[in-house]
Amino acid sequence: MDNSSSLMLKKPIRLLKGVGEARAGLFEKLGIFTLEDIITFYPREYEDRRNIVEIKDIKDEEFCTFKARILSAVSESRPRRNLTIQKVKVKDNYSMATLVWFNQSYVKNTLTEGKEYIFYGRAEIKYGSVQIQNPVFEKYDPGIKSSLCTIAPVYPLTARLTQNIMRKTIEKALEIIDCGLDEILPFNIRKEHKLCEINYAVKNIHFPEDEESLKNSRHRLIFEELFILQLGLMLVKKSYGSDHAGIPFTRDGRLDAFIKKLPFKLTGAQARVFKEIEKDMESSNPMSRLVQGDVGSGKTILAILAMLKAYYSGYQSAMMIPTEILSEQHFCTVTKFLKGEGVNVVLLTGSMKKTEREEALKLIAEGRADITVGTHALIQKGVAFKKLGLVITDEQHRFGVRQREVLKEKGITPDVLVMTATPIPRTLAMIVYGDLDISAVDELPPGRKPVETYVVDDSMRERINRFIRKKVGEGRQVYIVCPLVDESETIEANSAVKLEEQIAKREFSDLKVELVHGKMKAGRKEKVMKEFTEGNIDILVSTTVIEVGVNVQNATVMVVENSERFGLAQLHQLRGRVGRGEHQSYCILYNMGKSKVAKERMNVMQKTGDGFVIAEKDLEIRGPGEFFGTRQHGIPDLKIANLYRDVEILKETRRTALEILQEDKDLSESQNRKIGEFIKKLVCDREDG
Ligand code: ADP
Ligand code: MG
């Protein structure tokens, strides 16, 4: 943009005629301070006023545009103080209608008897006669293009601002800017993706000439927004492209034989995802792949297959897992599956004895540890691999990108596989893990019994308690989870503490009730968990510490207090703690939320057990800003794009961003310079803020 318009954009809206202090205050409530803010305040929807109808065809409660002649002078009545009503009768070719306004005295002097006008408003049909309330209008003039018969923007507003004020103000701002917006999208990209020019797009998003121009403008603005987001994230992560070639792992018949020997047949999803992994591993580009799959979808075997493939190619693998208990579990699983294959599997955790640890480090350094399973201990100094070719992290959300990088740096461009059971909608995953390719294990192995889910309220408490007692009587175990009351861990813990005291002393004083929460000493926590695993505790009251990894097949009832306070993804994780064994399992959600959204969300939980569907629904209902975890990931608010609806454009922009960065990694070539500067500024602003 030339300098004068770029300065113009930062000017306050007070500059505009008709925007005084009071009105500016209203705009500020909507986050509008500058001219730039107001022209990028996009409509929520549009009213199509172009289709002129006959009065006789108007239907009740419909918005309509019609042309009619004023039959008499406007009458005005004053039924009470502060209320005046203006009325007038109009007629078109065939029939009459009554127009009604409230407190709009000016219409008396604007509408002239005998003249024709175009009206737009909402119709009410009363006793067969058509009434239109508060219609907008303009004089009918066949010689001039109507400014009423248009596609009119509708903005999300705040009290005391009207659509008309907003439209007029935006119109004025656009006039002042006078097509001075600078085009930052490189020409070749606009050409390739058929994106219209920026000034055209901004004008037409507010005041579209027709459907086509609206569609093109929307597309361009959404593309731009997502493209900038992708480029920004990729630049921040510096994860695009690679200077080093990766390892081309070989194909080996022994792997096929191993798959045939497995105690089960891979599900369709597992087979498909493993093909994707194999293709990446065999390619000479380093693999960066995220495997998403619900709890129990069988991701572990995929990790094992990949590690076995690395082994057959003569490379070591490392698998990093967030907790000690889970690391040990995985170590056992891997060892069991690979028995007889000649693979040496080693465990490395923080709590190992010094001698054990030194022995493990030696095996790793000498290359005799073919597979190492472990916790964060894996990324500490002093852990040196001889020939690390494959790095796997499980339960990704517990590790940061940085930790993944450190592990990766222990090899020379090893392949990377990230596994997560937190179902993140693809759209979000594409952003959060902008540097990873994504595979989904979206099918459970056969024969799983779905967990029966019930949404209840407090009035059901006695019945639920009887049910819990019955299940305990049958020998089963029960989880009761309390929510995070607020950000404070202490309060969170207190709610569980209080509940535990209450039920341990009253309802279930004859049963073995225990408590775990995040504030407890690690040793105590592990002791309680061990007791529960061994079946010595009937009811475990907890905060969300049990969310990940606990595997107690005999626990069949999951009760969640104040479930409306949890993210759906989190509820889904909690529900995944039961239904792991042969017994039918149940999930009981106490919903205290009265809102429609709360009910809708709980219904989603009741209806489906598919983590991906749940995650998509959560995104759809709550929007990405609210989505579990995204805040920390720093996804900015989007002005026009919608991650749920605009997946296709998101994919397109992601590909385009990768392409452009591969050719020009710091966006310094002349055609990319403008967008490069724009993004660098954005990134700096965010890091400062
Ligand atoms: P997750 O994806 O949660 O890590 P796991 O890999 O732990 O799931 O698998 C859950 C259980 O399902 C394990 O006992 C595993 O052996 C079993 N399993 C995995 N794949 C299959 C399959 N194709 N058919 C039957 N059982 C399977
Ligand atoms: Mg797992």
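Whatever order the structure lists them in is the order used to number ligands and atoms, beginning at 1.
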(request) Name the orientation class of the two ring planes belonging to Phe532 and Tyr479 (parallel below 30°, tilted from 30 to 60°, perpendicular beyond 60°). (result) tilted
(message) Can you see whether Phe249 has Lys309 sitting over its ring - NZ or CZ less than 6.0 Å from the centre and within 45° of the normal?
(response) no
Can you list the ligand 1 atoms lying under 4.0 Å from a non-hydrogen atom of [X]?
X      : result
Ser297 : 2 (O), 8 (O)
Leu266 : 23 (N)
Thr300 : 4 (O), 5 (P), 6 (O), 7 (O)
Gly298 : 1 (P), 2 (O), 5 (P), 6 (O), 8 (O), 9 (O), 19 (C)
Thr267 : 23 (N)
Lys265 : 22 (C), 23 (N), 24 (N)

Ion pair [X]/[Y], N-O distance below 4.0 Å:
X      : Y      : value
Arg289 : Asp280 : yes
Glu341 : Lys261 : yes
Asp442 : Arg272 : yes

(request) Determine the sole option in Thr349, Thr372, Leu347 for which the side chain to side chain contact (heavy atoms under 4.5 Å, CB included) test with Phe331 is passed. (result) Leu347
(request) Apply the side chain to side chain contact (heavy atoms under 4.5 Å, CB included) test between Met287 and each candidate in Ile247, Val416, Leu417; give the one that qualifies. (result) Leu417
(message) As a check for students: among Ala271, Gly296, Gly268, Ala269, identify the option with a heavy atom nearest to atom 3 (O) of ligand 1.
(response) Gly296
(request) Determine whether any heavy atom of Asp294 lies closer than 4.0 Å to an atom of ligand 1. (result) yes
(message) Using heavy atoms and a 4.0 Å limit, tell me yes or no: is Gly293 in contact with ligand 1?
(response) no
